[in-house]
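Heads up: the structure comes next, in structure tokens.
Naming: A, B, ... by sequence-line order, numbering from 1 per chain.
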Amino acid sequence: MSGTVLGTIIIVVIGIICGVILTVASKVMAVKTDERIPKVRACLPGANCGACGFAGCDGYAKALVEDGVPANLCVPGGANVASQVSEILGVECGETVVSAAVLHCRGDIQATKAKMDYRGIESCKAAKLLFGGTGLCTFGCLGYGDCEKACSFGGVKVVDGLARIDMSLCTGCGSCAAACPNKLITVTPENVKVAVLCSNTEKGADTRKKCTNGCIGCKKCERECPAEAITVENNLAKIDYSKCTGCGHCAEVCVVKCIKPLDISAKKC
Amino acid sequence: MATFKGFIIIIMSAVLVNNYVLQKFLGICPFLGVSKKLDQATGMSIAVIFVMILATAVTWPIQHYLLDAYSMGYMQTIVFILVIATLVQFVEIVLKKYIPGLYESLGVYLPLITTNCAVLGVTILNIDSSYTFWQSIMNAFGSGLGFFLAMVLFAGVRSRLESANPPEAFKGLPITLVSAAIVSVSFFGFAGLVENLFA
């Protein structure tokens, strides 16, 4: 028998044996997976942001099908995903609240200054370890973009030393809030109409020296608010959202314009 | 005792002197692709050790009792690829069924190394070096360990690269390749180690 024929026979026989082994193995040792898991997974946005409390979208899909966790936990997906998922699983779809990230700082490079020429690691967490941050205000945005890196949707950009949240891209998952070492970002529901965009609790004169956009605790908003929803605590205005009517009067009268109206319902959902 | 010494020499040589990634430049794709995080690098390396030993255990008899018997040495590459690919698929199915925990941790990496050049390289070089069966197994184990060492070392280097600030033109893959070259050069320091191991 010539070498070519023998070679062909050997490879064909080995190929057939391998094929048979694999086919038999895949039939005999097949693992049954619930067919609804990939279906549910397909509805989820796939950003793996972790806002639902599970390890990524795969983990949430598995928990939805196997453990029957509520269908409205996906923050980026919102009501749309919740209704699709509950349709597949045949369960009640709970209420979903539209929310978005809000940065409580307005200290860009026009308003505040750096106190050092920082040449270290380009990260807010690293910069924060050095005398509480590289800017004059130790409470404010560090501007090295930890939030920008954390965002899976490209919704945060650092411009002029201040993180800017694009409401049309923000899904409200809260990844950026977890990444900020100064805890400046809060995930805010849509019924909140105004917010204090400053986090500095120093005395007014000190704040003023560091940042022209900082809350100086002048209490003008506290006096003027028709619903008496604002109190100044620790030299920083605080809005009680259970009383706030969203009239926006505080934003008009604020001397340093650190109270701003929000329009979270305009965001994409 | 002599065989035991031989095994030690084979393992040390495969790990340090003839490291598959850093000296033979085999298996570069997982070396660059999966070395970003230490836990992924570890998972990948353990999968590689596992597959290298299994592949050697299967291909050595095939070479000696089938191909050599019919003087079909030239069929080596194609037969080895076929057998290793099947083996890895089979192992994956078995793990999925009986050891789901191990499947979860190795599962992602197993298909990646079905016909990885380092795995194929180990099996073919075992034959070329005319090792006995147990010597081949030792060499496969040592090569896997060498891969593990290279991956873990390089994962450390890369985590330092993350926080470094190289010039714009070097960012990303270029600086990774430069640092891989430096790590590789450092392994030349082990040349000559094995010759004097039991001297």
A/Ser199 side chain to A/Leu184 main-chain N or O, any donor-acceptor pair under 3.5 Å?
no
More than 12 foreign heavy atoms under 6.0 Å from CD1 of B/Ile78: is that the case here?
no
With a 6.0 Å cut-off on the ring centroids, do B/Phe4 and B/Phe7 count as close?
no
Determine whether more than 12 heavy atoms belonging to other residues, nucleotides or ligands lie under 6.0 Å from atom CZ of B/Phe133.
yes
Answer yes or no: does atom CZ of B/Phe141 have more than 12 heavy-atom neighbours from other residues, nucleotides or ligands under 6.0 Å?
no
Can you tell if the side chain of B/Leu54 reaches within under 4.5 Å of the side chain of B/Val58, non-hydrogen atoms only?
no
Under 3.5 Å, what donor-acceptor pairs does chain A form with chain B?
{"unit_1": "A/Gly3", "atom_1": "O", "unit_2": "B/Tyr74", "atom_2": "OH", "d": "3.4"}

Sidechain-backbone polar pair: A/Lys115 side chain, A/Phe131 backbone, donor-acceptor under 3.5 Å:
yes
Side chain, backbone, both or neither: which part of A/Ile10 has a non-hydrogen atom closer than 4.5 Å to chain B?
side chain
Measure distances from B/Leu66 to the heavy atoms of chain A and classify the residue's part below 4.5 Å as side chain, backbone, both or neither.
side chain
